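Being a predicted model, the structure only gives us computed values, none of them experimental. Within every chain, numbering begins at 1; the chains are lettered A, B, ... in the order of the sequence lines, protein sequences first and strands thereafter.
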Amino acid sequence: MTDNAVPLRLHIPQPVARPGDASRFDYLSFVPGAAVQRPEFDTPEPELREFPYGLIRVIGEDNAAWDPGLDPEMMRSGLRAMLQTRLFEDRMFRAHRQGKTSFFMKSTGEEAIGVAQSLALAPGDMCFPTYRVQGWLIARDYPLEDMINQIYSNEKDPLKGRQLPILYSARDYGFYSLSGNVGSRFGHAVGWAMASAYKGACHIALGYIGEGTTAEGDFHEALTFASVYRAPAILVITNNQWAISSFAGIAGAEQTTFAAKALAYGLPGLRVDGNDFLAVWAATKWAADRARANLGATVIEFVTYRVAGHSTSDDPTKYRPADEPSHWPLGDPIERLKVHLIDVGEWSEERHAQLESELTETLRAAQRAAEAIGTLGKSKPSVAEMFEGVFKELDWRAIEQRREIGI
Amino acid sequence: MATMTMIQALNSALDVKLGDDPDTLIFGQDVGYFGGVFRVTDGLQKKHGMQRCFDAPISEGGIIATAIGMGAYGLRPVPEIQFADYILPAFDQLVSEAARLRYRSNGEFWAPITVRSPYGGGIFGGQTHSQSPEAIFAHITGLKTVIPSNPFDAKGLLIAAIEDDDPVIFLEPKRLYNGPFDGRHDQALKTWAGDPTAEVPEGHYTVPLGKAAIVRQGSEATILAYGTMVHVAKAGIADSGVDAELIDLRSIVPLDVDTIVASVTKTGRCVILHEASRFGGFGGELAALVQERCFWALKSPIERVAGWDTPYPHAFEWDYFPGPGRLAKALKRTMENH
């Protein structure tokens, strides 16, 4: 033992505020001016190493370099899909409270990510989603009624009652099958991207993982494979500050940024304002251009905030200040895009109110149609479906067991 | 017809598939330039190119996740896990993803992957190079588990597995890689030369998954075995003097229950032989099936001969290993009781 030995202490990270404390976000450090200029997409990774520590923002910033210069019509499409997503989720959350489904999760405050990326990527690209990017489907006009049928597990559920609500699969919309295991599809995105490269195709993969899930081996395995084989993939970390009740520090955010985890793999890492529709788009486009040029994967951390609870089973006021969402410094993605469109003369409060009314009516109609089929427990696919699709062909177990229950 | 070892037969299967299907590719630790630590992929990279057979990081979870993604794209990857003992880091990918992808997506996505992995004991590999994990895969609905016992089957089953649209765990009994194990560890290893099952066609053929082989006809008892234990069973039958019917299951999922039931109904006795630990092993499922379907034909209790319920012990390998002596005793017991 050395003479100056002192008892060691175990560090347990704690968030800056708990219920009853004043809400604070001063732990989020953004280096002023860092990583503002948009580099060419083929810039070598060693020249991009400030980007994981900065924050790419467009709306409200004097940051023309990253402005994707979107056509106003496209911005309005994005606004529409984000708004529809929020209205949809509010309605489905209420449906859960009314006992029409067993479970639901909202992406409130994070709508820009799924929506902008859905619109920015091409048909034929494949998204390997988390449960908070259903905006991807809405942006691509996936039928709302089918989404609700899945949530209600009713007779017309596209997944035949086999999956928890919101764990969609929609191949034709570039949306890979969701699983309840967090992170387990991150590597599938890399494998899919490698297959695209192997086949000489031009499609890229987009993988999502939450900031808490970066602690899983899947994350590190996926980054290793993406780096080693230069997979044409965009690997997104949605840092919404909370993994159920564990704050981002429990996943390592006290030590570095999530985008900076890319550095150890020799991958470019971009840290982006995830509540800025234009910044999400711009970063996605940059990474997509890089992937399509055979330059490999990019890691993007979207800094955002989970306004709602983790799921319908969760009460966030038990572990964070109740007013924390209103103190989030990067604003609301829908409001920010709306104001931006109004500022550039392409939108108005009246048109917005009218849009909201139209979307609400569309949603009502879809919900009515789904409820006519039935809600959870009132309607379900044929029980014979329970035995289908385990293997490509039914084996004797399925045949015998189906017979055992009389079907 | 050429005589091949099991290693050569497996290599030939992979060579055939790389040759006839551009969507088939192989990757795993050391499989590329070096040709695999057991040489199963020897020469394949040189013949078919870097893109078709390449090395992977030491990351079993990453290998299987990547393979699933490739499978979802439309390829037929054949990843190798260097030892089945190391498959556990990839277990979540196999259980939660590969096995369920078709089901949960209502057929929108599936994972036509074939995970090759050497398994089993008898080579002084200690705890981490000797395990037989087949039961844990058999329990996972959505995975197929295939285990060959000779070179002819190894090639035909592997080609069938690669061409199958469901995920297959293909366990290769490494005790049999270079020659048929005669069940007697204190004797020199035989070579495959002269064994009819080592006559392996050069080209494409399949042995269907889910069809057991009756290795030896018999009238007094039925032995259910697979992999290395098929060879142990042959020795045990010879030692026992019992006219036993020997069934090589070849795959435990899908399971050829009809052949099992027909045989046990005929013989009235059943001895189950496997290398894995007995408690909760696949023998339990086999015993339950036989009991359910053949109870009134049974003349004596079903016997299980299996590895002991300890981790695979290095110095005690041949004490742990269910050899022909233990099988012969079980066979005699099943005859003596009734």
For this session: Determine, stepwise, if the pair Met194(A) / Phe27(B) fulfils side chain to side chain contact (heavy atoms under 4.5 Å, CB included).
Result: CA-CA 12 Å; Met194(A) 287 170 63; Phe27(B) 65 108; 5.8 Å; no
For this session: In sequence, state the C-alpha distance, the side-chain angles, and the governing distance for Leu255(B) and Trp396(A), and then conclude on side chain to side chain contact (heavy atoms under 4.5 Å, CB included).
Result: CA-CA 9 Å; Leu255(B) 182 69; Trp396(A) 58 266; 4.2 Å; yes
Exercise. What do the steps show when you test Asp172(A) against Glu108(B) for side chain to side chain contact (heavy atoms under 4.5 Å, CB included), and what is the final call?
Worked result: CA-CA 9 Å; Asp172(A) 291 346; Glu108(B) 287 197 326; 5.7 Å; no
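For Phe391(A), the parts sitting under 4.5 Å from any heavy atom of chain B are the backbone and the side chain alike. With a 4.5 Å cut-off on non-hydrogen atoms, Leu178(A) touches chain B through its backbone but not through its side chain. Of the two parts of Tyr176(A), the backbone and the side chain both hold a non-hydrogen atom closer than 4.5 Å to a non-hydrogen atom of chain B. In this structure, the portion of Glu400(A) lying under 4.5 Å from any heavy atom of chain B is its side chain and not its backbone. Of the atoms belonging to Phe219(A), not a single heavy atom falls under 4.5 Å from chain B. Residue Leu289(B) touches chain A through its side chain alone, counting heavy-atom pairs closer than 4.5 Å. In this structure, the portions of Ala56(B) lying under 4.5 Å from any heavy atom of chain A include both its backbone and its side chain. Heavy atoms closer than 4.5 Å to chain A are found in the backbone of Pro22(B), but not in its side chain. Ser179(A) touches chain B through backbone and side chain together, each having a heavy atom under 4.5 Å away.
Comparing Ala189(A), Gly217(A), Ser196(A), Ala222(A) by how many heavy-atom pairs each has under 4.5 Å with chain B, the most go to Ser196(A). Listed options Tyr168(A), Phe128(A), Tyr229(A) were ranked by heavy-atom pairs under 4.5 angstrom with chain B; first place goes to Tyr229(A). Between chain A and the options Pro77(B), Gly62(B), Ala67(B), Gly71(B), heavy-atom pairs under 4.5 Å are most frequent for Gly62(B). Contact tally against chain A (heavy-atom pairs below 4.5 Å) for Ile64(B), Thr66(B), Leu25(B): the top residue is Thr66(B). Of the listed residues (Ala72(B), Pro89(B), Pro254(B)), the greatest number of heavy-atom pairs within a distance under 4.5 Å of chain A belongs to Ala72(B). In terms of non-hydrogen atom pairs under 4.5 Å with chain B, the most contact-rich of Ala195(A), Ala170(A), Gly180(A), Ala205(A) is Ala195(A). Comparing Val390(A), Asp218(A), Val228(A), Asp395(A) by heavy-atom pairs within less than 4.5 Å of chain B, the highest count is held by Val390(A). Ranked by heavy-atom pairs under 4.5 Å with chain B, the list Ala201(A), Gly191(A), Ala193(A) is led by Gly191(A). Between chain A and the options Thr141(B), Val257(B), Asp92(B), the largest number of non-hydrogen pairs under 4.5 Å is found for Val257(B).
Using a 4.5 Å heavy-atom cutoff, the side chains of Asp165(B) and Glu393(A) are not in contact. Met70(B) is not listed as a side-chain neighbour of Trp192(A), based on a closest heavy-atom distance of 4.5 Å or more. Residues Leu101(B) and Ser177(A) have side chains in contact (heavy-atom distance under 4.5 Å, counting atoms from C-beta outward). You'll find the side chain of Met126(A) reaches within 4.5 Å of the side chain of Phe109(B), heavy atoms only.
In terms of modelled atom types and a separation under 3.5 Å, the side chain of Arg162(A) and the main chain of Arg104(B) share no donor-acceptor contact. At least one donor-acceptor pair closer than 3.5 Å links the side chain of Gln93(B) to the backbone N or O of Ser184(A). With hydrogens and angles disregarded, no donor-acceptor distance shorter than 3.5 Å links the side chain of Arg102(B) to the backbone of Gly389(A). With Asn106(B) contributing its side chain and Pro158(A) its backbone, the two residues share a donor-acceptor pair below 3.5 Å.
Rounding to the nearest 0.5 angstrom, the gap separating the OG atom in Ser105(B) from the NZ atom in Lys160(A) is 12.5 Å.
The local environment of CD1 in Ile58(B) is sparse, with at most 12 non-hydrogen atoms from other residues, nucleotides or ligands closer than 6.0 Å. Counting heavy-atom neighbours within 6.0 Å of Tyr205(B) OH, excluding the residue itself, gives a total above 12. When the shell of 6.0 Å around NZ of Lys156(A) is examined, it contains 12 or fewer heavy atoms from other residues, nucleotides or ligands. Other residues, nucleotides and ligands contribute at most 12 non-hydrogen atoms within 6.0 Å of the CZ atom of Arg230(A).
No close placement of the Tyr198(A) and Tyr73(B) rings is indicated, their centers lying 6.0 Å or farther apart.
Salt bridge Lys392(A)/Glu163(B): absent, no basic N to carboxylate O contact under 4.0 Å.
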